[in-house]
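To start, the structure under review is shown below, and the notes come after it.
Residue numbers start from 1 in every chain, and the chains themselves are labelled A, B, ... in the order their sequence lines are given, proteins ahead of strands.
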2 protein chains.
Amino acid sequence: MQMKTGVEQSVYAILILNMLPDKAVLPGEAISQQLGASPTYFQKLLRKLVSANLITSVPGVKGGFKLRKKAEDIRIYDIYLAIEGQQSLYSSSGVMHGMLDLEEEGCCLLTDLMQEAESSWQTVLKRQTIASLYEEINVGYQPKVQLLQQWIKEKMVM
Amino acid sequence: MQMKTGVEQSVYAILILNMLPDKAVLPGEAISQQLGASPTYFQKLLRKLVSANLITSVPGVKGGFKLRKKAEDIRIYDIYLAIEGQQSLYSSSGVMHGMLDLEEEGCCLLTDLMQEAESSWQTVLKRQTIASLYEEINVGYQPKVQLLQQWIKEKMVM
DNA sequence: ATAAAGTGGATAATTATTATCCGCGTTATA
DNA sequence: TATAACGCGGATAATAATTATCCACTTTAT
């Protein structure tokens with residue numbers, strides 16, 4: 001039971017897009033290269049972020065991706081949800097039904113507890129936004145962030 | 001990202017073992033049958049529960065499994081941990097390293113948040129015990145539980 | 001001795017996740 | 001208006017995780 005690596009990649013991708021000047025756009029391949037992700041699969045992740053309305057895509061020669069929302073309006077949870085989907089961490093496989101020979105389907109003693117646990121988990125993921133991560137990275141890694149900014153200027157298209 | 005079905009099966013297995021008279025023991029195959037689980041794989045799950053000191057096994061002709069702890073001392077979390085292992089839901093894949101070209105390995109902006117989220121999730125799983133589930137099942141499904149008790153008396157060995 | 005149980009290792013089957021490929025639509029620009 | 005660089009979506013393959021099976025072994029009641 002492990003979170004998909006796509007969630008982490010997406011978070012950093014969005015962090016990069018957040019450094020992009022307004023109106024500018026960054027090709028998917030450039031991002032995937034910088035993150036060391038497989039280009040084709042990473043494109044799929046970007047699609048999910050587009051579907052979730054977190055980023056927008058621009059087709060054509062000077063196309064690419066950019067943020068759709070402000071950094072303070074993108075919670076880690078939003079990205080998690082976009083990539084992992086809304087299926088819950090736990091779903092009963094109906095063991096109770098067999099054990100007690102019940103008529104009704106789908107009843108399980110664990111459902112409520114698990115739902116509560118998941119809510120609790122999600123609540124924490126809703127606490128932090130891209131804006132707060134951006135601040136954190138700026139404070140802790142200023143020189144490296146400067147270099148990244150430089151790279152973005154080279155790769156972006158307007 | 002889904003919890004293993006083995007966790008649910010294990011919870012109900014332990015619930016069954018909890019209805020067992022003291023000193024009695026129940027063969028693994030009987031349990032797996034009642035739960036509709038694959039016998040051989042279910043045996044592996046039982047092994048994990050033994051390793052986690054939640055149940056004990058007795059080899060030999062009149063062998064089987066029984067609880068090692070009292071129902072009120074077995075939290076859902078203990079079972080979850082026994083089956084899923086202690087690896088966390090999230091582990092960084094080092095994307096940040098590539099993005100910022102850092103020297104240090106293993107630093108990730110998400111680690112703290114994810115750790116906190118997971119703790120929060122675990123806390124909820126620690127709230128409920130086998131004892132409380134047993135009570136719940138007794139209140140809601142009394143007649144069916146009676147039948148289960150009957151079945152246990154048939155299958156158990158002392 | 002034998003049969004019924006658990007143990008541990010090797011291995012296969014299944015499912016989920018990650019990755020690639022290709023043909024298509026869109027758009028800047030030569 | 002042709003072309004090249006990009007995103008889009010579907011099909012498919014490769015890899016990894018999970019679930020399942022098999023077998024030789026130990027233990028123990030009868």
Side-chain angles (χ1 to χ4, degrees), chain A residues 1-10 13 17 23-33 35-52 54-66 68 80 83-85 87 89-91 93 95 155-158, chain B residues 1-10 13 17 20 23-33 35-52 54-66 68 80 82-85 87 89-91 93 95 155-158:
Chain A
M1 192 195 194
Q2 281 262 147
M3 187 179 236
K4 298 184 192 166
T5 69
V7 175
E8 179 178 350
Q9 294 175 332
S10 298
L17 291 181
K23 309 284 179 179
V25 117
L26 204 53
E29 184 157 353
I31 310 175
S32 73
Q33 251 173 33
L35 298 182
S38 101
T40 56
Y41 182 58
F42 188 70
Q43 201 77 219
K44 308 281 188 194
L45 296 178
L46 289 171
R47 289 300 307 132
K48 293 191 178 189
L49 299 176
V50 170
S51 296
L54 299 178
I55 67 180
T56 10
S57 63
V58 177
V61 171
K62 288 181 134 184
F65 298 88
K66 64 182 171 191
R68 176 162 193 158
Y80 163 80
I83 302 300
E84 290 274 351
Q87 63 174 348
L89 298 187
Y90 172 78
S91 86
S93 48
V95 179
K155 296 292 186 175
M156 76 184 183
V157 290
M158 312 256 340
Chain B
M1 193 196 192
Q2 282 261 151
M3 186 179 236
K4 297 185 192 165
T5 69
V7 175
E8 179 178 349
Q9 295 176 332
S10 298
L17 291 182
L20 210 54
K23 309 283 178 179
V25 117
L26 203 52
E29 184 157 352
I31 310 176
S32 73
Q33 250 173 35
L35 298 182
S38 102
T40 55
Y41 183 57
F42 187 70
Q43 201 77 219
K44 308 280 188 194
L45 297 178
L46 289 172
R47 289 300 307 134
K48 292 191 179 188
L49 299 177
V50 171
S51 296
L54 300 178
I55 67 180
T56 11
S57 63
V58 177
V61 172
K62 287 181 135 184
F65 298 88
K66 65 182 171 191
R68 176 159 194 160
Y80 162 80
I83 302 301
E84 291 274 350
Q87 63 175 347
L89 298 185
Y90 172 79
S91 86
S93 48
V95 180
K155 295 291 185 176
M156 74 185 187
V157 291
M158 312 258 339

Picking from D:dT19, D:dA4, C:dT26, the nucleotide nearest the side-chain atoms of A:V61 would be D:dA4
Proximal nucleotide (of C:dG6, C:dT27, C:dA10) relative to the A:P59 side chain: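 Of the options given, the side chain of A:P59 lies nearest C:dT27.
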Once you round it to whole Å, what is the distance between [atom2] of [N] and [atom1] of [X]?
{"X": "A:E29", "N": "C:dT20", "atom1": "CD", "atom2": "C1'", "answer": "13 Å"}
{"X": "B:F42", "N": "D:dT19", "atom1": "CZ", "atom2": "P", "answer": "13 Å"}
{"X": "B:K66", "N": "C:dG6", "atom1": "NZ", "atom2": "C1'", "answer": "14 Å"}
{"X": "B:M158", "N": "D:dA29", "atom1": "CE", "atom2": "P", "answer": "14 Å"}
{"X": "B:M156", "N": "C:dA5", "atom1": "CE", "atom2": "C1'", "answer": "17 Å"}
{"X": "A:K44", "N": "C:dA19", "atom1": "NZ", "atom2": "P", "answer": "13 Å"}
{"X": "B:L45", "N": "D:dA20", "atom1": "CG", "atom2": "P", "answer": "9 Å"}
{"X": "A:I31", "N": "D:dG7", "atom1": "CD1", "atom2": "P", "answer": "8 Å"}

On DNA chain D, compare the nucleotides closest to B:Q87 and A:S51; which residue's is nearer the 5' end? A:S51
Under 3.5 Å donor-acceptor, A:Q9 side chain and A:A37 backbone: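 Judged by distance alone, no pair lies under 3.5 Å.
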Does [N] have its OP1 or OP2 closer than 4.0 Å to a side-chain nitrogen or oxygen of [X]?
{"X": "A:T5", "N": "C:dT17", "answer": "no"}
{"X": "B:S57", "N": "C:dA5", "answer": "no"}
{"X": "A:R47", "N": "D:dG7", "answer": "no"}
{"X": "A:Y41", "N": "C:dA19", "answer": "no"}
{"X": "A:Q43", "N": "D:dG7", "answer": "yes"}

Quick check on A:E29: does its CD atom have over 12 non-hydrogen neighbours (other residues, nucleotides or ligands) under 6.0 Å away?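 Open: at most 12 neighbouring heavy atoms sit under 6.0 Å from CD of A:E29.
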Does [X] reach the side chain of [Y], with side-chain heavy atoms less than 4.5 Å apart?
{"X": "A:Q2", "Y": "B:S91", "answer": "yes"}
{"X": "A:L45", "Y": "A:V7", "answer": "no"}
{"X": "A:E84", "Y": "A:K4", "answer": "yes"}

Applying a 4.0 Å non-hydrogen cut-off, can you work out what [X] is touching in the nucleic acid: base, sugar-phosphate, or nothing?
{"X": "B:M3", "answer": "nothing"}
{"X": "A:M1", "answer": "sugar-phosphate"}
{"X": "B:G63", "answer": "sugar-phosphate"}
{"X": "B:F65", "answer": "sugar-phosphate"}
{"X": "A:V58", "answer": "sugar-phosphate"}

CZ of B:F65 to CD1 of B:I31: how many Å apart, nearest 0.5 Å?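 With rounding to 0.5 Å, CZ (B:F65) is 7.0 Å from CD1 (B:I31).
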Need to verify one output field. Residue with the more 5' nearest nucleotide on DNA chain C, A:S38 or A:Q2? A:Q2
Nearest nucleotide by nearest heavy atom, which residue falls closer to the 5' end of DNA chain C, A:T40 or A:K62?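 Mapping each residue to its closest nucleotide by heavy atoms, the 5'-most match is A:T40.
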